[in-house]
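Small disclaimer: the values here were computed from a predicted structure and weren't measured.
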Amino acid sequence: MERFNFTVIKRFWAIAKTYWSSEKKWQARGLLLLVVILSLGYTGLSVVLNNQRGAMISALSAHDESRFWHTIVVFAGVLVAYAPIYAGYTYLRDRLGLQWRQWLTENFIDRYFQGRAFYNLSGSDIDNPDQRIAEDIRSFTQESLAFVLVVISSLLGIIAFSGVLWKISKPLVLFLVLYALLGTLVTIGVFGKALVRLNFAQLKKEADFRFSMVRIRENAEAIAFYRGEDRESEQVKGRFDEVFDNFKRLILWQLNLNCLTNAYEFIPFILPAIVVAPGIFAGDLEVGKVTEAQGAFIQVFFSLNLIVARFQELTSFGAGINRLYTFAEGLDQSPLSLQETTEQDSSPSEAVVEEKSQEKVGESEAEVAGDDQSEAPVLTEEHPTITTEITNRLAIANLTLFTPNYQQMLVEDLSLELSPGEGLLIRGPSGCGKSSLLRAIATLWNSGSGTLYRPQAEDMLFLPQRPYMILGTLRDQMLYPNIEAELADDKLHHILEQVNLPDLDHRFGGLDAQQDWSSVLSLGEQQRLTFARLLLNQPQYVILDEATSALDLDNEASLYRQLKATQTTFLSVGHRKTLVEYHQRILDLSANHTWQLSARS
């Protein structure tokens with residue numbers, strides 16, 4: 001991991017400029033200008049307060065009572081103005097940071113879902129995207145804004161207080177600049193690389209530990225059935241041990257840094273008194289000049305010493321920038337999942353597809369990879385991809401399908417077309433590529449060659465083996481993905497009766513009840529509820545990946561009869577022999593990537 005250097009600054013600006021040049025730029029720049037003006041105001045008042053502190057000490061030393069009370073009145077008057085200005089500065093700074101976070105979060109969320117990037121990034125090097133959106137963006141906006149404003153305040157402080165210090169002692173100013181520069185170079189050179197690396201690792205390990213706890217909650221019942229408490233406990237403890245060990249190394253480096261900075265920052269408290277003392281002893285300077293010089297010296301020193309004083313925060317900030325930047329890169333490089341074209345004679349495009357783990361939609365790794373690794377093809381450096389054409393039909397022409405890394409052929413030279421209202425059943429042994437073919441039809445995979453003709457996405461509905469239960473009401477579950485549709489309650493009740501869930505709404509308090517549906521419903525109930533979505537949305541085409549595997553034969557028969565009655569064109573993957581009677585044609589896939597298409601006998 002690189003240290004906090006110009007690369008990090010370039011990455012910071014690559015992320016930050018999206019907001020400051022967006023449609024919100026004038027509002028953002030206006031707020032920033034107002035914050036800078038307030039910063040300038042309270043910095044100027046700080047100089048006045050520092051001078052009055054020195055004058056107060058001089059008045060006490062000279063036993064000048066009238067001057068002392070005059071100084072107190074001026075000090076109090078300045079303080080009355082200083083307090084609201086500084087409070088306003090803090091509020092507007094935080095408000096600007098909040099608005100920046102809102103815009104950047106929405107921007108990343110849009111990019112995360114665009115082109116199914118959330119799917120394409122799964123299994124990649126981009127770990128814990130949830131944490132990067134929720135935590136890293138928050139830290140980025142708040143800390144970067146705070147740091148930029150601290151830099152501006154420091155520059156203003158240097159300009160304001162250097163004049164005061166220069167009048168008192170010119171050598172003191174020169175020594176201060178050289179001292180701060182030396183401390184900054186030593187801190188960056190010795191601690192920079194190690195602290196950025198350790199902070200980056202800490203963010204990752206903390207996210208991994210939190211994710212392991214979330215998995216326990218989401219899979220509590222399965223773990224309980226397997227009696228896997230000991231295994232899961234050891235795994236979670238192992239993740240925490242990684243957090244602990246890395247943080248132990250981090251605080252050791254912080255200890256060394258603190259030893260340096262504490263000793264380094266002690267000098268400004270005594271050096272001004274040493275420099276000014278001869279002038280006071282000689283009667284050339286008032287006693288209050290010690291306080292004034294010390295205050296000005298400390299202000300200038302800590303402004304020049306910004307990197308050393310905030311180095312630990314900067315290294316943590318730099319690690320967060322790197323995580324957010326690599327996430328943004330991953331989103332930009334994620335291929336669009338649907339390559340739409342209206343050209344009927346277009347040839348397959350060629351691209352190098354990155355290797356990704358594709359643990360998705362109802363099929364195990366064994367099924368994805370296949371059991372026979374001996375026939376993995378030797379391909380050229382540039383791999384062909386499947387061409388997708390948007391039409392009013394569902395057909396496949398000369399399709400050869402591979403796993404995403406092109407190491408295993410799954411299906412070779414497959415051609416078929418579904419007639420309107422027809423049902424096609426796909427069968428075959430585990431590992432032959434049944435669910436992989438569905439991924440290709442859904443344009444989640446494009447590794448291979450041939451042409452896929454398919455309708456618009458809104459004309460198709462996919463029902464996976466493990467139904468997706470959204471966060472929302474029972475009404476939302478039934479209407480998904482068209483949750484904005486308005487249907488009468490009677491219609492929804494009728495659909496529940498059709499899928500043999502007549503009392504589901506009454507069990508949970510009505511159609512607008514909110515529950516963790518994946519927990520309170522059995523898998524069979526979830527599958528029937530997704531069939532309710534099918535009957536409500538009435539798509540032209542339906543793809544079912546063992547969508548009735550958890551149902552008894554009577555419920556399965558009832559649902560398929562209702563599906564056929566809708567005249568919907570559908571394609572099913574399944575193992576049960578009873579499924580044959582609901583389909584007109586059968587596609588048998590084999591483990592050696594051959595296939596056979598036949599009519600139902």
Side-chain angles (χ1 to χ4, degrees), residues 357-377 386 394-419 422-454 460 462-467 527 541-551 553 556-557 559-560 563-564 569-601:
S357 170
Q358 299 284 353
E359 285 185 76
K360 296 289 176 188
V361 198
E363 187 168 51
S364 65
E365 290 184 3
E367 181 165 353
V368 172
D371 298 325
D372 185 2
Q373 299 293 333
S374 61
E375 297 188 34
I386 299 167
L394 181 58
I396 294 170
N398 306 115
L399 176 71
T400 296
L401 179 64
F402 294 92
T403 52
N405 53 22
Y406 287 87
Q407 291 182 353
Q408 177 69 20
M409 180 185 290
L410 299 172
V411 180
E412 184 177 12
D413 199 26
L414 172 63
S415 295
L416 61 87
E417 181 171 355
L418 272 69
S419 301
E422 184 181 31
L424 173 68
L425 175 63
I426 302 177
R427 303 184 306 190
S430 178
C432 69
K434 300 186 299 297
S435 293
S436 301
L437 181 58
L438 300 191
R439 295 188 190 116
I441 294 173
T443 63
L444 299 180
W445 286 13
N446 67 346
S447 310
S449 61
T451 305
L452 168 67
Y453 302 91
R454 54 159 288 172
M460 301 184 71
F462 285 79
L463 271 63
Q465 181 180 16
R466 168 64 71 172
Q527 290 186 343
Y541 295 84
V542 177
I543 311 297
L544 305 100
D545 187 2
E546 301 198 54
T548 58
S549 60
L551 300 181
L553 296 181
E556 180 182 76
L559 294 179
Y560 265 100
L563 174 58
K564 292 184 67 176
T569 305
F570 60 96
L571 185 156
S572 302
V573 166
H575 292 91
R576 287 179 176 176
K577 294 181 180 180
T578 52
L579 290 174
V580 173
E581 63 180 285
Y582 313 119
H583 302 78
Q584 286 78 27
R585 288 194 293 168
I586 301 169
L587 175 63
D588 288 299
L589 302 180
S590 66
N592 63 355
H593 53 75
T594 60
W595 54 274
Q596 182 178 356
L597 184 63
S598 60
R600 185 184 68 197
S601 56

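- Between the side chains of Gln527 and Ser549, a donor-acceptor pair is found at a separation under 3.5 Å.
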Handout entry: Residues Leu424, Leu587; criterion side-chain contact (heavy atoms from CB on, under 4.5 Å); working and verdict
Key = CA-CA 7 Å; Leu424 173 68; Leu587 175 63; 4.1 Å; yes
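- Donor-acceptor pairing under 3.5 Å is lacking for the side chains of Tyr582 and Ser572.
- Counting heavy atoms from C-beta outward, Leu438 and Leu571 have side chains that approach closer than 4.5 Å.
- Taking all atoms of both residues into account, the shortest heavy-atom contact from Met409 to Thr400 is CE-CG2, 4.0 Å.
- In this structure, CG on Leu452 lies 6.0 Å from CD1 on Ile396, to the nearest 0.5 angstrom.
- Closest non-hydrogen pair, Leu394 versus Ile441, comes out as CD1-CG2, 4.0 Å.
- Atom SG of Cys432 is separated from atom CG of Leu437 by 9.5 Å, given to the nearest 0.5 angstrom.
- Scanning both residues, Gly574 and Arg427, for their nearest heavy atoms gives O-CG, 3.9 Å.
- Residues Leu410 and Trp445 share a closest heavy-atom pair of CD1-CZ3, 3.9 Å.
- Taking CD of Gln596 as the reference point, atom CD1 of Ile586 lies at 10.0 Å (rounded to 0.5 Å).
- With contacts defined as side-chain heavy-atom distances shorter than 4.5 Å, the pair Leu579/Thr548 qualifies.
- Side-chain atoms of Gln584 come within 3.5 Å of backbone atoms of Gly423 as a donor-acceptor pair (strictly under, hydrogens ignored).
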